[in-house]
Amino acid sequence: MIHFQPVATTPPVPQPPRCIRSLQERMADDMRELAFAGRNVSLETLGERGWTIDTIKRLAPEAREIARRKSTRQVGAA
């Protein structure tokens with residue numbers, strides 16, 4: 001006679017949060033650093049940070065929105 005033993009199910013081990021940021025987030029951080037340092041954010045200044053022209057053209061619209069969102073501060077009445 002064959003007897004089956006149930007397989008013990010253990011809950012999955014929770015994984016730590018990933019620390020990987022997207023390229024758009026990295027570019028947004030560079031844009032914010034340039035802007036807060038009083039420099040214009042342009043193809044040339046982002047190129048000085050190591051971004052290629054094609055990458056800037058592809059990622060800049062979304063990175064610009066992320067940078068604006070992160071730079072906006074809301075002040076509420078206390």
Side-chain angles (χ1 to χ4, degrees):
M1 185 184 251
I2 299 174
H3 293 282
F4 292 98
Q5 284 186 327
V7 177
T9 57
T10 58
V13 177
Q15 298 295 319
R18 296 182 345 176
C19 296
I20 299 173
R21 296 181 308 152
S22 68
L23 289 175
Q24 291 89 344
E25 290 171 333
R26 292 179 189 177
M27 184 179 286
D29 288 342
D30 284 346
M31 288 176 166
R32 292 180 69 217
E33 287 178 15
L34 288 168
F36 288 123
R39 298 184 65 193
N40 289 332
V41 178
S42 64
L43 291 173
E44 292 80 23
T45 56
L46 287 172
E48 292 171 4
R49 295 285 191 132
W51 296 97
T52 63
I53 300 296
D54 293 333
T55 306
I56 295 169
K57 289 180 180 178
R58 183 169 47 95
L59 301 177
E62 189 175 343
R64 181 178 53 240
E65 295 304 318
I66 293 170
R68 284 182 181 160
R69 212 171 27 246
K70 286 183 174 182
S71 297
T72 303
R73 186 174 64 144
Q74 294 183 1
V75 179

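Panel note: side chain Thr45, backbone Ser42; a donor-acceptor pair is recorded below 3.5 Å. Checked by atom type and distance alone, the side chain of Thr55 never pairs as donor or acceptor with a backbone atom of Trp51 at under 3.5 Å. Panel note: side chain Glu25, backbone Ser22; a donor-acceptor pair is recorded below 3.5 Å.
Counting heavy atoms from C-beta on, the side chains of Leu46 and Ile53 never come closer than 4.5 Å.
Within the model, atoms CD of Glu62 and CG of Leu23 stand 10.5 Å from one another, a figure rounded to the nearest 0.5 Å. To the nearest 0.5 Å, atoms CZ (Arg49) and CZ (Arg26) are separated by 14.0 Å. Distance check: Leu34 CG to Glu48 CD gives 8.0 Å after rounding to the nearest 0.5 Å.
Salt-bridge annotation for Glu33 and Arg39: absent, with no side-chain N of the basic residue lying under 4.0 Å from a carboxylate O of the acidic one.
Of all heavy-atom pairs between Ala60 and Met31, the closest is O-CE, 4.0 Å. For the pair Lys70 and Arg32, the tightest heavy-atom approach, listed with the atom from each and the gap, is O-NH2, 3.6 Å. In plain terms, the two heavy atoms of Ala28 and Ile66 that are nearest each other are CB-CG2, 3.7 Å.
Heavy-atom contacts from other residues, nucleotides or ligands closer than 6.0 Å to NZ of Lys57 number 12 or fewer.
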